[in-house]
Chemist: 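Sharing a structure here in C-alpha cells format.
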2 protein chains.
Amino acid sequence: MSSSKKPRHRVPKVGTPVRGSKTGRPIMVALDLLGRRTALRILWELRDGPLTFRALQEACETTPGLLNTRLKELRATDIVTHADGGYCLTAQGRKLRTALNPLSAWAQAWADEGAGKRAQD
Amino acid sequence: MSSSKKPRHRVPKVGTPVRGSKTGRPIMVALDLLGRRTALRILWELRDGPLTFRALQEACETTPGLLNTRLKELRATDIVTHADGGYCLTAQGRKLRTALNPLSAWAQAWADEGAGKRAQD
DNA sequence: TTGGTTGCTATCAATTTTATAGCATTGTCC
DNA sequence: GGACAATGCTATAAAATTGATAGCAACCAA
C-alpha cells in the first residue's frame, strides 16, 4: 500500500508531468528540479566534497526545512547521497556539476560586462 | 528621485546581496536569478528565435503575471530583450543559452539511466 | 552525566506562484 | 468606419513554497 496521508510535496520524475510541464521530458524535469530554490546552490556547494547537513545548511545560507526538502528530492533522483562523511554528489551528481561549469564561467563574464550591475535602478 | 512606493520585487544584481546569498558574487547572483521558477525555461524556449509574449507564455506553460515578472528580471539583467518580432535573447542571453547545453545533454543521459524514474515511489 | 554534534521535524509568518479575468492598443479586413 | 483578432500586459484572490525559529532524539567523548 502507498501511505495514507496526502503528499504535500512531490519529487519530479522523468516521464510524468512536473510543475510547469505536462510532458515529462527529461529536460523539463531537470529544469523543474533545478529551478527550485537552492537546488543549484546545493550542487555548487558540494563541489569540493561531502558536507554534513549543518555545514551544508550554512554554506547554502538556508534553513533546515528547505534544505531537507531539497535533499529528499536530490536523493530521490540519484543526484545526491548521504554517504559516510555527510552529503555528497553521486556519480550522476558529479556529472551534473560538471555540466554546470559553463554556467559559472558565463556568470563571471556576465558580471565583468557589467550587465548585472545595470539591474535594479 | 527614486519612486516612493516600496518595491515588492527586486531584480538580482551583481555585487549586492541576493536571495540566499549575502556576498553578491556573480555565480550566486546567477544561481538566484536562474533558480527562480520558469527562468531557465524561458531561456530554453527562446532557443530557436523570438516569440511573442503570448507564444512564450504558452510555450512555458505559465501565467502572464509570472512571465512578466521573469521577463522584467531577464530584461533588466540584459539576458532577454523585446525586439521587433517579440521577445528574444540578447548576445549575453545567447551565450547563457549555450552554456546550458551541457545541462540538457546531462538531463538526457540522466533520464536514460532511469535515475529520475526511480523517484517518487 | 554533562556537553557537543548531527540530522532532522514542527510551527507560523512572509513571499511567491498559480489561476482567472479583463483591458487598452494596434493592425487587418470589409 | 466598425468588427474582429492578436499583443502586451495589469488586477485579484487562493494556493503553494520559502524563511525564521525552536527544539528533539541519537550518538560520541570526556
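A, B, ... follow the sequence lines: proteins, then strands. Residue 1 opens every chain.
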Chemist: Spell out, as yes or no, whether a donor-acceptor pair under 3.5 Å connects the side chain of B:Arg41 to the backbone of B:Ala59.
Modeler: yes

Chemist: Send over the distance from B:Leu74 CG to D:dG8 P, rounded to a whole Å.
Modeler: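 These atoms are roughly 16 Å apart.
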
Chemist: When you check the phosphate oxygens OP1 and OP2 of C:dT17, does a side-chain N or O of B:Arg70 lie under 4.0 Å from one of them?
Modeler: yes

Chemist: Could you tell me the separation between the CG atom of A:Asp32 and the P atom of C:dT17, rounded to a whole number of Å?
Modeler: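 It is 13 Å, rounded to the nearest whole Å.
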
Chemist: Between A:Lys72 (NZ) and D:dT17 (P), how many Å, whole number?
Modeler: 14 Å

Chemist: Please enumerate all protein N or O atoms sitting under 3.5 Å from an N or O of nucleotides 11-14 of chain D, with distances to 0.1 Å.
Modeler:
none

Chemist: Is any side-chain heavy atom of B:Thr90 closer than 4.5 Å to a side-chain heavy atom of B:Val80?
Modeler: no

Chemist: From CG of B:Leu40 over to P of C:dT17, roughly how many Å is that when rounded to an integer?
Modeler: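 To the nearest whole Å, that distance equals 13 Å.
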
Chemist: Please check if the side chain of B:Trp44 supplies one atom and the backbone of B:Leu100 the other of a donor-acceptor pair under 3.5 Å.
Modeler: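 Flag not set: sc B:Trp44 to bb B:Leu100 has no pair under 3.5 Å.
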
Chemist: Please give, in whole Å, the distance from C:dA10 C1' to A:Leu66 CG?
Modeler: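 In whole Å, C:dA10 C1' and A:Leu66 CG are 15 Å from each other.
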
Chemist: So, is B:Arg19 close to the C:dT15 phosphate, meaning a side-chain N or O under 4.0 Å from OP1 or OP2?
Modeler: no

Chemist: Select base, sugar-phosphate, or nothing to describe what A:Thr63 touches, counting heavy atoms under 4.0 Å on all strands.
Modeler: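 Since a base atom lies under 4.0 Å of A:Thr63, the category is base.
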
Chemist: Distance check needed: C:dG27 P versus B:Asp84 CG, whole Å only.
Modeler: 11 Å

Chemist: Using modelled atom types and a 3.5 Å cut-off, is there a donor and acceptor pairing between side-chain atoms of A:Thr62 and backbone atoms of A:Gln57?
Modeler: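 Pair absent, no side-chain N/O of A:Thr62 close to backbone of A:Gln57.
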
Chemist: Write down the distance between CG (A:Leu67) and P (C:dG7), rounded to a whole number of angstrom.
Modeler: 10 Å

Chemist: Quick one: A:Glu58 CD to C:dC8 P, roughly how many Å, whole number?
Modeler: 16 Å

Chemist: Can you work out whether A:His82 or B:Arg36 has the more 5'-proximal nearest nucleotide on DNA chain C?
Modeler: A:His82

Chemist: Does D:dG8 have OP1 or OP2 sitting under 4.0 Å from an N or O in the side chain of B:Asn68?
Modeler: no

Chemist: Quick one: on DNA chain C, does A:Arg37 or A:Phe53 contact a more 5' nucleotide (nearest heavy atom)?
Modeler: A:Phe53

Chemist: Donor-acceptor pair, A:Trp110 side chain versus B:Thr77 backbone, under 3.5 Å?
Modeler: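 Answer holds: yes.
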
Chemist: Is a side-chain donor or acceptor of A:Arg94 paired with a backbone partner of A:Leu89 at a separation under 3.5 angstrom?
Modeler: yes

Chemist: Ignoring backbone atoms, test whether B:Arg75 places a side-chain nitrogen or oxygen under 4.0 Å from the OP1 or OP2 oxygen of D:dC9.
Modeler: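 The answer is yes; a side-chain N or O of B:Arg75 sits under 4.0 Å from OP1 or OP2.
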
Chemist: Would you call B:Glu73-B:Arg75 a salt bridge at under 4.0 Å N-O?
Modeler: no

